[in-house]
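What follows is one structure encoded as structure tokens, with my remarks underneath.
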Amino acid sequence: MNLEFSELHAFVVLANELHFRKASERLFLSQPALSKKIQRLEEKLRGALFVRSRRRVALTDAGKSFLPKAAKLLQDAEDALRETQAAVEGRAGTLRIGFGIASLPEILPRSILRFRKLYPDVELQMREMPSPSQVSSLIENNLDAGILRMPVTNRKLISVPLFSEYLVLATPADLPYRAKERIKGFRNSGFIFVSPSFSKTFHDRVLSLCLRAGFTPRVVQEANEILTILHLVRARVGVSLVPRSALRLKVPGVRFHELGWKEPLWRIGIAWNRNSEKLPLISRLVKVVQAVVGDQAV
């Protein structure tokens with residue numbers, strides 16, 4: 001038995017009007033055409049849905065039982081059509097987004113908030129992972145978009161640069177800072193490092209910069225999150241080299257010092273698989289992230 005939605009629609013309208021002429025006008029059908037649709041539906045259900053007479057039309061018990069079910073079928077079909085169309089247009093669905101330590105302090109939270117406000121029907125699944133893992137997941141379509149370290153060289157992926165991240169020195173607010181010596185002035189201080197298990201690239205980069213400045217840092221603590229590191233600095237556990245974007249976290253009791261290094265710690269971009277079936281949705285995400293980065297630059 002194949003139920004047609006046009007027959008269900010005709011039944012629901014007639015059940016609400018209980019008048020063939022009025023129902024026909026609402027459906028833009030002739031009365032004979034409406035009668036044929038109802039007859040076909042009754043044949044499929046093997047029973048009468050209406051009691052007809054010259055003066056009145058009424059639902060049978062079977063018709064009364066079928067009405068809410070038919071109405072729900074129509075509503076479910078309408079909802080499915082609307083949701084699917086929204087997904088096709090990039091206004092609904094699920095996005096799996098990778099991110100790393102560089103995108104955490106400001107860009108990522110603002111991007112998520114703005115995107116959810118614009119596209120409330122899109123589910124965002126956030127996955128914290130290093131850049132190499134993001135690249136692999138994007139290639140294998142286990143991730144839809146990634147905010148990661150540039151460059152991205154795999155030809156299966158498309159990438160767009162977002163911003164460059166530089167390092168600043170975070171110290172307790174009352175700790176003296178000698179501008180001429182810069183980081184060398186803290187060669188005898190304890191350092192708080194990002195754990196290499198969380199971001200080996202960050203860890204090794206900070207270590208190499210200290211070595212380039214002429215000393216081997218004494219690492220007294222490691223942590224996985226920039227916010228945690230800043231609170232450890234505030235507690236005078238040590239000093240730390242952190243991304244400049246950490247300033248926006250506004251942790252009290254911490255002072256940031258520019259070190260004059262022109263070379264960026266890394267360049268951050270957003271990447272996705274060029275053959276992804278979610279390109280309309282990804283495109284909307286990219287535009288939102290670019291707009292947030294643009295706002296930060298103002």
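We count residues from 1, following the sequence as given.
Side-chain contact between Val242 and Val168 is present, with at least one heavy-atom pair separated by less than 4.5 Å.
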Please tabulate, one pair per line, all N/O donor-acceptor pairs under 3.5 Å involving side-chain atoms of residues 29-38, not counting sequence neighbours.
from	atom 1	to	atom 2	distance (Å)
Ser30	OG	Ala33	N	3.2
Ser35	OG	Gln31	O	3.1
Lys37	NZ	Ser6	OG	3.2

Exercise answer: donor-acceptor pairs, residues 20-28 side-chain atoms, under 3.5 Å, sequence neighbours excluded:
from	atom 1	to	atom 2	distance (Å)
Arg21	NH1	Glu25	OE2	3.1
Ser24	OG	Phe20	O	2.7
Arg26	NH1	Glu17	OE2	3.0

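Apart from Val152 itself, the hydrophobic cluster it occupies contains Met129, Val135, Leu138, Ile139, Leu143, Leu148, Met150, Leu157, where clustering links Ile, Leu, Val, Met, Phe, Trp and Tyr at side-chain heavy-atom distances under 4.5 Å.
With Asp144 contributing its side chain and Ile97 its backbone, the two residues share no donor-acceptor pair below 3.5 Å.
The side chain to side chain donor-acceptor pair (under 3.5 Å) search around Arg40 returns Glu7, not counting sequence neighbours. Every residue two or more places apart in sequence or in another chain was checked for a side chain to side chain donor-acceptor pair (under 3.5 Å) with Gln221, and none qualifies. Residues meeting the side chain to side chain donor-acceptor pair (under 3.5 Å) test with His203, sequence neighbours left out: none. Scored by the salt bridge (charged side-chain N to carboxylate O under 4.0 Å, His left out) test, Arg116 finds no partners at all (sequence neighbours excluded). In terms of the ring-ring contact (aromatic ring centres under 6.0 Å, His included) criterion, residue partners of Phe50 (sequence neighbours excluded) are, by chain and number, Phe11. Shown here are the side chain to side chain contact (heavy atoms under 4.5 Å, CB included) partners of Phe5, two or more places apart in sequence or in another chain: Leu8, Leu74, Ala77. Remark: Phe215 engages Phe191 in a ring-ring contact (aromatic ring centres under 6.0 Å, His included) (not counting sequence neighbours).
The list of side chain to side chain donor-acceptor pair (under 3.5 Å) pairs with a residue in residues 226-241, not counting sequence neighbours, reads Asp174-Arg236. Legend: side chain to side chain donor-acceptor pair (under 3.5 Å) pairs involving residues 205-214, not counting sequence neighbours, sorted by first then second residue: Arg205-Glu263.
Heavy atoms only, all atoms of each residue included: Ala145 and Trp272 are closest at CA-CB, 4.5 Å. Between Asn141 and Asn273, the shortest heavy-atom distance links the atoms OD1-ND2, 3.5 Å.
When Ser137, Ser136, Ser133 are each tested for a side-chain contact (heavy atoms from CB on, under 4.5 Å) with Asn142, only one passes: Ser137.
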